[in-house]
Structure formats: C-alpha cells, structure tokens
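In what follows, every chain begins at residue 1, and chains take the letters A, B, ... in the order their sequences are listed. All figures in this text were calculated on a predicted structure; none of them were measured in a lab.
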Amino acid sequence: MSDQKRLFLVDAYALIFRGYYAFIKNPRINSKGEDTSAIMGFMNSLLDVIKRERPDHLAVCFDKGGSADRVEMFSEYKANRDATPEGIKTAVPYILEILKAMHIPIMVKEGFEADDVIGTLAKKAEKEGYKTYMVTPDKDFAQLVSENIFMYRPVFGGGYETWGIPEVQKKFEVTDPLQVIDFLGMMGDASDNIPGLPGVGEKTAKKFLATYGSMENLLANTHELKGKMKEKIEASKELGMLSKKLATIMLDVPVEFDAKDFEMSEPDIPKVTEIFQELEFRRLIDNFVKTFALENSAPSNQLSETSKTENTPKATPKEEASAGAGQFSLFGASAPLSNQSAPLSKQNNELETEYTRNTIATTSHFYQSVASGMATQLFIKNLMSQSSVCFDTETTGLNPIEAQLVGIAFSWDIGKGFYLPFPEAKNEAQELIEQLRPFFESEQIEKVGQNLKYDIKVLRKYNIKVKGKLFDTMLAHYLINPDMRHNMDVLAETYLNYTPVSITELIGKKGKNQLSMRDVPLEKQTEYAVEDSDITLQLKEHFTKELGEANTQKLFDDIEIPLLRVLADMELEGINLDTEFLNSLSEALNNDILNLEKEIYATAGEEFNIASPKQLGIVLFERLKLVDKPKKTKTGQYATSEDILSYLAKDHEIIKHILEYRGLAKLKSTYVDALPLQVEPETGRVHTDYMQTVAATGRLSSNNPNLQNIPIRTERGRQVRKAFIPRNEDYVLLAADYSQIELRIIAALSEEETMIEAFKNGEDIHASTASKVFNVPLEEVTREQRGNAKTVNFGIIYGVSAFGLSNQTDLSRGEAKELIDTYYETYPKLKAYMSKQVDFARDHGYVQTVLGRRRYLKDINSRNAVVRGAAERNAVNAPIQGSAADIIKIAMINIYNKLEAGNYKSKMLLQVHDELVFDIYKPELEELTTLIKTEMEGAFIMDVPLDVEVDTGVNWLEAH
DNA sequence: CACATGTGCAA
DNA sequence: TATTGCACATGTG
C-alpha cells in the first residue's frame with residue numbers, strides 16, 4: 001500500500017443516470033409525488049465511495065452546455081438522445097445543494113463535458129504526483145487509464161471494480177489504453193451518436209485492433225479486407241476519422257488543478273440531514289451519519305494495487321435484527337417455544353454437538369442445515385410449535401410438474417433459519433416429506449412465502465396439501481403497488497436495502513452449463529435457500545403494515561390468497577389437447593403457405609423472406625414502389641403492419657397474398673405448431689402458468705403457453721379451438737362468459753340510467769347505443785351503425801380520441817368527433833364519471849376498483865401532455881378493467897369452493913379475463929351449469945345485472 | 001445465446 | 001393519437 005496522495009473525480013451525470021435507471025422499474029416516489037430515484041441513486045454511490053475509500057481529495061464534475069467543439073465537428077453529436085427525463089432534471093438542483101452542504105467541491109466548465117474536465121484534471125494531477133480515480137461507469141474513460149490514473153467503476157449489484165492498465169488491456173484486447181479511442185471510433189456509440197464504421201461492432205473492432213492497432217493503420221490498409229466489409233469501410237474513411245475524434249476525451253480544458261481546491265472537509269451534518277428529511281430518505285440519513293461518524297476510526301486506505309471486485313452488502317437489516325441473538329444457540333431467545341414439551345437446553349445440546357459442521361454462521365446471521373434423522377425429528381418438533389413459519393422450496397427446475405425437491409428452507413425468527421436437504425431417491429424424499437406433512441397440513445400454523453403458488457404446486461406433486469393461513473409477499477406487494485416488479489431480489493433491495501445471493505451466482509446462467517440445485521454444495525444451498533426465506537419473513541413484516549395502510553388487507557385475505565390455491569389447482573389440472581388434429585391442421589396450413597409464397601415471389605420478381613418486415617418493406621416500397629411516400633417505423637424501416645397494408649390491398653393483388661400469408665404463418669408458428677410442444681409428457685396435458693402479479697389492473701396473465709390469446713375472430717384461426725377437448729368421452733367442455741361485463745360496470749359506476757335501463761331490459765347494447773346516437777328506431781339500426789357504436793362503446797373504456805376512433809372505423813376525423821360528442825350527449829353521466837375518476841386520481845394519486853384494488857398514477861399531474869394523457873386514460877380504464885378482474889376472481893373462488901365441497905369430478909381449467917372454461921363430468925352437467933351461472937352472476941351485485949352465457953361442446957370452439 | 005424490433009393474437 | 005397482456009420470427013452482435 002502506498003501513501004501516494006489520491007484524488008477522486010466523480011462523473012456526476014453518469015452516476016445520476018445510472019441511479020435513475022436502476023430504479024426505473026420501482027421508482028422512488030416520496031409523499032409529495034416527487035421522483036427521487038436519481039438523487040437516491042447518486043447519493044448511494046457517492047456515500048459508498050466515501051465510506052470505502054475515505055478520500056481526502058474529491059470533486060464532483062458536471063457537464064454544462066455540452067461539448068461545443070464536438071458539435072462543431074459533427075452536428076448530430078448526441079443528437080439522438082431522448083430529452084433528459086423529468087426525474088433527472090428535478091434531481092440536479094437537489095444534488096448540488098446536498099454537495100454544497102457536504103462541502104464537496106463541484107467542478108463545471110461551460111462548453112465542456114465532464115469527461116473532458118475529468119481527463120484534464122487527471123492528467124494535471126498526475127504531474128503533481130497524485131493517483132487519480134475516475135468514479136464513473138462509462139467505459140469511454142478507459143482511454144485515460146495510466147499508471148497513476150484508474151477507473152473506479154460501480155458494479156451492478158453493489159461494489160466497485162478498479163480498472164488499471166492490465167484490466168483495460170484485457171477488457172478491450174488492446175496493448176495501450178489509448179487504443180480504446182480507436183476501439184470506440186470503430187464500433188461507434190449509439191448513446192453519444194458516434195457513428196463508427198458501418199458494419200463494425202465490438203467483435204470486429206477488437207479483431208481490427210489486434211491486426212492493425214489503430215484506426216489510421218486500418219484505413220491505410222483496407223486493401224487487405226474482403227467483400228462487403230471492404231467496400232463499406234473504404235467508403236467511410238472520413239466517418240472513421242471523425243468518429244475517432246468524437247470519441248477522444250479532450251485534455252486541454254482550461255481548468256487548473258490546485259490540490260487545496262479538492263480537499264474534503266467536515267460536512268454540515270444538520271444541513272444535509274435536513275435536505276434528506278425533506279426528500280424522505282430515512283435510510284440514507286442513517287447511512288450518512290454512520291459514514292461520517294466513523295470517519296476517524298476507519299482505516300484510511302483500502303484500495304489494493306490490483307483490481308478486485310467487491311460485493312459486500314451494505315449495512316443489512318440482518319445485522320440490526322439479529323444483534324444480540326446468541327450466535328450458536330439453535331433457537332433464539334425470542335422464539336416462541338412455550339408449547340415445547342422437552343427442555344429446551346437439552347435439545348440445543350444434542351443438535352449443536354452433532355451438527356454444527358453444517359452450520360453457516362457469520363457475525364450477522366445464523367443458518368443451519370438439518371441433516372440426519374435425529375436432527376430432523378427435533379427440528380420438526382420445534383417447527384410444529386410455531387404459529388407462523390416462512391418456507392421456500394428448492395427444486396431441480398422451474399417446472400413444478402417435473403421438478404423434484406432438493407431441499408426446503410424454513411425460518412420463523414428474523415436473522416435465523418434452517419435448511420432441510422432432500423435425498424435424491426424418490427421413496428426417501430417421500431419418507432422425509434411425510435414427516436413434514438403435519439406441518440404443511442396444519443390449519444393452525446401460518447405459512448409465509450414468496451410466490452407460494454409454486455411451492456404449493458411442487459408439494460402437491462408429493463401429495464401434500466398446504467393448509468392453514470397463507471401470506472405471500474409477492475401478492476402483498478402486488479396489492480401495495482401493482483405497477484412495480486415483485487421478484488424477491490427487487491423487493492429485498494427496495495425494502496431491506498439488501499442484495500441477496502443471486503440464483504445465477506449459484507447455478508450459472510441458463511442454457512449451456514447451468515447446474516441443478518442438486519449439484520450445489522450443501523453449504524451454498526443452505527446459505528441461499530435460508531437467506532431467501534429469511535428475507536421473505538422480513539418482507540412480511542414490512543408488507544403487513546403497508547397492507548393495513550393501503551386498506552387492501554381484505555382484498556389480500558379474501559381474494560388474492562384464496563385465488564392462489566385455485567390457480568395452483570387449475571394449472572396442475574391442465575387441459576387435454578388434440579395434437580393429431582393440430583398436426584393435420586399444420587399440414588394444410590403448410591400447403592397454403594407454400595402456394596402463397598410462390599405467387600408472391602412471382603409477383604415480386606424475386607425470392608425473399610416474407611416474414612421479415614425489413615425485406616418485405618424493401619420489396620414493396622423500393623422495388624415495386626407501391627406507394628409514393630411509405631410510412632416508416634421509429635427506427636426508420638418501412639412500416640408493413642396489417643393496418644397499413646390493408647389500405648393497399650384493394651389495389652394490389654400481392655398485398656392480399658402477403659396479408660393472407662402473414663395470417664397463416666402466424667397461426668402455424670404461434671399456435672398450431674407451438675401448442676403440441678407444450679404438452680407435458682408426464683400428464684399428456686397442457687399446463688399454463690397464470691401470473692397473478694403482472695397486470696397492473698388486477699387481471700391475470702397466462703404463460704407457457706398463453707391460453708388467453710387463442711384465435712377466435714377468423715374462421716381459419718378459430719379452428720385452433722377445436723384442439724382443446726374434454727378429458728375423455730365422459731366429459732364435455734363448458735365455457736361460461738360474462739356478457740359485456742366492462743360496459744355493465746361503467747354503466748353501474750357512472751349511474752348512467754339510459755345505459756342501465758338498456759342492460760336491465762336485456763337489450764343488445766351496441767344496437768341500443770347505435771339506435772340512440774344515430775337517432776333511428778332499434779329495428780332500423782344497420783350493421784354498420786351497430787359496428788361503429790360497438791367500437792365507440794369499447795373505445796370509451798380505453799379513453800379513445802377522435803383520431804383513434806377514425807383509425808379504427810371508416811369514419812373521418814370529423815365524423816368520429818361528432819359520433820363521440822353525440823355519444824356523450826346520449827350518456828352524459830358516463831362523461832361525468834370519467835372526469836370524476838381523473839379528478840380523484842389528481843387528488844389522491846391513485847384510482848381504485850370496486851374492491852379497493854389501487855393503481856397509482858404518478859404521471860397524472862405531469863406537465864407533459866402526452867404522458868399526462870396516458871395517465872388520464874389509465875384513470876378511467878383501470879377501475880373498469882380492474883373491477884371486472886375482481887369480480888371474476890370472486891366467482892372463481894366461490895365456484896372452486898363449491899366444487900371442492902361437493903366432491904364433484906368436474907374441474908375448472910381456464911380463465912380468459914371474462915370467461916371460465918370447465919371440464920364437466922357429464923352426469924354433473926345440469927347441476928353445474930346452474931351452479932356456475934349463478935355463482936358468476938352473483939359474484940358482485942350492482943345496479944346493473946351481470947349476465948353469463950353458458951355453452952358446452954366436445955371442444956372449446958363448440959362450447960361458445 | 002441474448003436482446004431489440006416489428007408484428008399480431010386475445011379480452 | 002385506445003387498455004391489458006404474451007410470443008413469434010428476424011436481425012444483430
């Protein structure tokens with residue numbers, strides 16, 4: 001370790017952007033509605049650097065006014081950047097204020113980028129004998145690295161890595177860091193809009209550097225290149241040199257390095273605390289105070305000469321939670337053991353002496369494997385004495401139907417937990433799980449978990465039914481904020497400020513050499529599995545409070561948790577698929593596709609890939625020149641979507657063929673050929689996976705395969721439905737659909753009598769609407785009028801504009817506007833209701849469904865009209881779509897319970913938003929038809945009756 | 001092999 | 001410049 005003086009130069013905007021985007025899926029919004037993600041992200045990084053390195057010289061560098069020189073060289077420099085996000089613009093003044101209060105020097109130079117300022121300062125400091133660390137994730141800085149200049153890069157997931165000369169050499173495959181400039185010049189940089197050489201990406205650039213060493217040398221030797229590459233690069237020599245210049249960090253910015261300007265001094269702690277308080281950064285205050293309170297006791301220099309990646313979690317809640325708990329006692333003093341019959345101390349001793357070798361205990365937590373028959377019995381005894389236990393199954397894969405148990409982690413006391421490994425032999429595993437049956441089937445013990453549907457499905461395969469109260473942290477968070485993501489890693493980072501061991505770290509990336517959990521050493525399994533259940537338990541404490549605050553406890557207890565069991569059963573049940581039928585369908589489609597292909601190639605005069613939008617666009621609009629001014633997509637390609645091609649279809653036979661080709665190819669690849677591959681060998685059926693926490697409105701979604709988008713609108717497409725068949729000839733499929741549920745909901749919620757009356761009278765609502773808005777008697781409504789009325793009826797639910805409506809119909813903009821205006825005159829309360837929703841959202845920041853399911857709309861007061869408009873449409877749509885989702889969920893739970901209680905053989909199989917599909921045992925048909933219709937229609941009572949259409953058939957198509 | 005893009009299926 | 005989703009083929013590096 002040298003005592004050379006050290007200077008840290010922080011690239012402010014790079015860290016601010018990085019911080020902002022790190023939170024992009026779960027932005028930090030404080031109670032005033034401000035997005036503080038960027039400030040939080042930046043401050044976390046800065047404090048981290050200070051805490052780790054205790055720098056005595058440090059400055060934070062900002063851009064100002066961009067790089068005048070580069071824009072002069074290349075007018076499009078950074079021109080394709082999106083506007084700086086609102087959340088970043090508002091963050092900068094705060095950050096400046098905080099830095100001032102922290103007494104941290106700030107560097108800016110008008111007309112220069114932070115890169116250039118940092119580069120210049122680093123070189124000057126080097127001359128004065130300083131070691132400089134450039135704190136930035138931006139790889140462009142690698143060009144500046146020297147013996148005394150390093151990059152100090154934040155790593156995703158926490159920690160930093162230092163790049164010196166050896167790291168840069170390795171990373172970029174260069175001998176001299178200066179060659180990084182050539183590298184960037186060759187491959188270009190999309191974010192800075194540096195063009196680079198055409199066709200040259202990372203791989204090619206590295207190859208060129210290895211052979212030619214520099215841009216200049218490459219351009220001087222292009223005769224050695226071959227083919228397309230040669231042509232393209234020879235034509236772009238100027239572009240290459242320009243790109244290199246743009247990528248070069250300038251070292252002649254008019255700034256001076258005077259060491260005393262960069263000295264850090266004691267921060268104004270009260271002032272900083274005050275700002276953090278205003279921003280509602282509670283955890284950051286602790287972190288900040290700790291960082292500076294420890295200043296004097298911390299070692300002064302932590303950087304080693306060689307680079308290393310550290311991944312040490314920051315202060316974790318575990319440390320706090322388990323402080324004082326006995327490190328090597330099996331059960332913490334606080335564990336509720338009152339039901340324990342045997343003396344506690346005796347048990348501890350037995351377990352401790354025999355099994356400490358499988359104990360993973362650090363200063364902060366205590367995780368243990370339970371690895372013998374004796375230990376297991378004692379362990380289970382304790383398990384049974386708990387009132388609430390978190391568990392997490394580890395299995396050989398993600399598919400619960402074929403997955404085998406590798407182990408189960410349990411925890412009931414924060415900071416501690418136990419891991420029960422499972423033997424590989426099936427009968428032995430079954431023996432072990434039998435010992436746990438009393439626990440899982442106990443009605444008294446609450447079970448806590450993250451995504452319990454998975455664990456329940458796995459255990460069901462071992463013939464274990466999980467009973468008792470459930471708490472699923474994923475579902476809890478879904479209700480707390482449905483727009484966010486809910487996987488455990490994100491939740492741990494957001495709520496516990498802790499990054500758990502990632503599964504990838506344990507078993508590798510999926511694909512090539514991914515390990516099975518079974519191959520992971522027991523110690524690692526234990527640490528990973530118990531950490532997850534420990535974290536889940538901690539999250540439960542957080543969410544229990546928040547559920548109460550958000551008033552969604554009832555929704556959680558009465559809807560989402562019961563539904564979880566229903567879905568687990570439906571998924572395990574699966575549905576029978578007639579694969580032979582699909583195979584014959586596939587052959588027929590293939591025939592037609594080949595014929596269309598021939599015709600299209602003949603008309604086009606060449607063969608090309610019709611399924612490639614890129615190639616198709618070029619054939620249609622460059623070769624055949626079908627249109628004067630073809631529309632382009634946002635990336636500059638020709639748009640060839642259905643709505644655009646349809647306009648051209650009447651004039652060009654080839655377009656008709658292309659549209660038909662597209663339709664058939666889609667059908668074949670997405671459904672007819674894909675579905676048979678999804679049949680589980682084990683059951684011979686198709687098992688979709690319902691996602692309960694994906695759709696922001698409260699709907700379910702369906703996965704692997706998606707059974708919620710099986711075609712129905714076209715004759716050819718709807719054939720696919722014939723492949724969904726009953727279990728056997730003793731069964732029929734029954735489909736039960738809510739008729740117009742969303743319109744009924746909006747009618748009821750808005751109290752729009754005209755529409756309510758129409759529903760009460762059992763009218764055809766679209767015809768009824770047409771009759772009113774076009775002012776004709778009901779029986780004289782034309783097909784076209786009804787069609788337009790139907791489009792508006794649906795559009796209203798989504799917040800359609802005149803523009804949107806005219807796009808969807810044959811109406812002009814003017815006609816569309818008139819239709820919408822008349823519509824609102826016909827149904828005035830509908831409009832009032834919509835405005836009321838928007839106002840509510842503005843006042844409260846959220847909207848809610850009939851059951852109180854919330855959706856937060858942070859953009860509802862945005863100054864950006866486009867963004868705000870989208871939020872306003874959500875304010876109208878979310879309560880409607882969400883209430884419909886609530887209602888069918890109630891129906892599902894009630895029907896499931898009745899089917900269970902009545903011991904029916906019939907099963908609920910699928911949910912498609914407003915439809916339920918059942919496999920009905922024929923003798924039960926009559927009884928269940930009534931039961932299903934009654935339960936669905938009675939799931940939620942409003943001023944508008946719900947109407948359910950029930951039909952049966954030998955396949956799904958016939959059941960409609 | 002991973003990712004972005006364009007397209008299109010459902011309610 | 002209409003809501004919520006999922007998945008396919010292509011193209012790229």
Participant: At 4.0 Å (heavy atoms only), tell me whether A:E642 reaches a base, stays on the sugar-phosphate, or touches nothing.
Facilitator: sugar-phosphate
Participant: Is the shortest side-chain N/O distance from A:N709 to OP1 or OP2 of C:dC8 below 4.0 Å?
Facilitator: no
Participant: Indicate whether the side chain of A:D914 and that of A:Q740 have a donor and an acceptor atom separated by less than 3.5 Å.
Facilitator: no
Participant: Using a heavy-atom cut-off of 4.0 Å across all strands, would you classify A:L667 as base, sugar-phosphate, or nothing?
Facilitator: nothing
Participant: Between the side chains of A:E742 and A:Q881, does any donor sit under 3.5 Å from an acceptor?
Facilitator: no
Participant: Has A:T633 got a side-chain N or O lying under 4.0 Å from the OP1 or OP2 atom of B:dT5?
Facilitator: no
Participant: So which nucleotide from B:dG6, B:dC9, C:dT1 ends up closest to the side chain of A:P613?
Facilitator: B:dG6
Participant: What nucleotide, of B:dT7, B:dA11, C:dG11, holds the atom closest to the side chain of A:H913?
Facilitator: B:dA11
Participant: Just compare C:dG5, C:dA2, B:dA11 and give me whichever is closest to any side-chain atom of A:A696.
Facilitator: C:dG5
Participant: So what does A:I710 hit on the nucleic acid, given a heavy-atom distance under 4.0 Å: a base, only sugar-phosphate, or nothing?
Facilitator: sugar-phosphate
Participant: Does a side-chain N or O of A:Q637 approach OP1 or OP2 of C:dT10 to a distance below 4.0 Å, or not?
Facilitator: no
Participant: Using whole Å, report how far CD of A:Q692 lies from P of C:dG5.
Facilitator: 15 Å
Participant: Taking N and O atoms by type only, does the side chain of A:Q881 place a donor or acceptor under 3.5 Å from a partner on the base of C:dT4?
Facilitator: no
Participant: Please classify the nucleic acid contact of A:V694 as base, sugar-phosphate, or nothing, using heavy-atom distances under 4.0 Å.
Facilitator: sugar-phosphate
Participant: Return whichever of A:Y671 or A:S801 has its heavy-atom-nearest nucleotide of DNA chain C closer to the 5' end.
Facilitator: A:S801
Participant: Specify the separation, in whole Å, of atom CD1 of A:I610 and atom P of C:dT10.
Facilitator: 11 Å
Participant: Is A:R699 close enough to C:dT4 that one of its side-chain N or O atoms is under 4.0 Å from OP1 or OP2 there?
Facilitator: no
Participant: Is any side-chain nitrogen or oxygen of A:R855 closer than 4.0 Å to OP1 or OP2 of C:dT4?
Facilitator: yes
Participant: Just N and O in the side chain of A:S701: are any of them under 4.0 Å from OP1 or OP2 of C:dC6?
Facilitator: yes
Participant: Side-chain N or O of A:N703 versus OP1/OP2 of C:dA7: is the shortest distance under 4.0 Å?
Facilitator: yes
Participant: Do A:R713 side-chain and B:dA10 base share a donor-acceptor contact under 3.5 Å?
Facilitator: no
Participant: Looking only at the side chain of A:R662 (C-beta and beyond, no hydrogens), which of the listed nucleotides B:dG8, B:dA11, C:dA7 gets closest?
Facilitator: B:dG8
Participant: I want to check one thing: is the phosphate of C:dT12, taken as OP1 and OP2, less than 4.0 Å away from some side-chain N or O of A:K614?
Facilitator: yes
Participant: Among C:dT4, C:dT1, B:dT7, find the nucleotide with the atom closest to the side chain of A:A695.
Facilitator: C:dT4
Participant: Give a yes-or-no answer on whether the side chains of A:Q637 and A:T633 include a donor-acceptor pair shorter than 3.5 Å.
Facilitator: no
Participant: Provide, to the nearest angstrom, the distance between the OH atom belonging to A:Y661 and the C1' atom belonging to B:dT7.
Facilitator: 13 Å
Participant: From the set C:dT4, C:dA9, B:dA11, return the single nucleotide nearest to any side-chain atom of A:V912.
Facilitator: B:dA11
Participant: Does A:T640 place a side-chain N or O at less than 4.0 Å from the phosphate oxygens OP1/OP2 of B:dT7?
Facilitator: yes
Participant: Rounded to whole angstroms, how far apart are CG on A:L707 and C1' on C:dA7?
Facilitator: 12 Å
Participant: Any side-chain donor-acceptor pair under 3.5 Å between A:D643 and A:S641?
Facilitator: yes
Participant: Answer with base, sugar-phosphate or nothing: what part of the nucleic acid does A:A885 contact at a heavy-atom distance below 4.0 Å?
Facilitator: nothing
Participant: Counting only side-chain heavy atoms from C-beta out, which of C:dC8, B:dT7, C:dT3 sits nearest to A:T670?
Facilitator: C:dC8
Participant: Counting any heavy atom closer than 4.0 Å, what does A:N609 reach on the DNA or RNA strands: base, sugar-phosphate only, or nothing?
Facilitator: sugar-phosphate
Participant: With a 4.0 Å cut-off on heavy atoms, is A:G795 in touch with a base, just the backbone sugar-phosphate, or nothing at all?
Facilitator: base
Participant: Once you round it to whole Å, what is the distance between P of C:dC8 and NZ of A:K668?
Facilitator: 13 Å
Participant: Could you check whether A:T791 gets within reach of a base, just the sugar-phosphate, or nothing at all, counting any heavy atom under 4.0 Å?
Facilitator: base
Participant: With respect to the side chain of A:N704, which nucleotide from C:dT1, C:dG5, C:dA7 is positioned closest?
Facilitator: C:dA7
Participant: Consider the side chain of A:S641, meaning its heavy atoms from C-beta on, and name the nucleotide among C:dT4, B:dG8, B:dA11 that approaches it most closely.
Facilitator: B:dG8
Participant: Please classify the nucleic acid contact of A:A639 as base, sugar-phosphate, or nothing, using heavy-atom distances under 4.0 Å.
Facilitator: sugar-phosphate
Participant: Quick one: do the A:Y638 and A:E622 side chains pair a donor with an acceptor below 3.5 Å?
Facilitator: yes
Participant: Is A:Q808 touching bases, backbone alone, or none of the nucleic acid, heavy atoms closer than 4.0 Å?
Facilitator: base
Participant: Within the 3.5 Å criterion, strictly below it, is a donor on A:T769 or A:Y823 matched to an acceptor on the partner's side chain?
Facilitator: no
Participant: Nearest whole angstrom, please: distance from the C1' of C:dC6 to the CD of A:Q678.
Facilitator: 12 Å
Participant: Of the options C:dT4, C:dT10, B:dA11, whose atoms approach the side-chain atoms of A:R721 most closely?
Facilitator: B:dA11
Participant: Do the rings of A:H486 and A:H477 sit parallel, tilted or perpendicular, given the 30° and 60° boundaries?
Facilitator: perpendicular
Participant: Side chains of A:T809 and A:T791: any donor to acceptor distance under 3.5 Å?
Facilitator: no
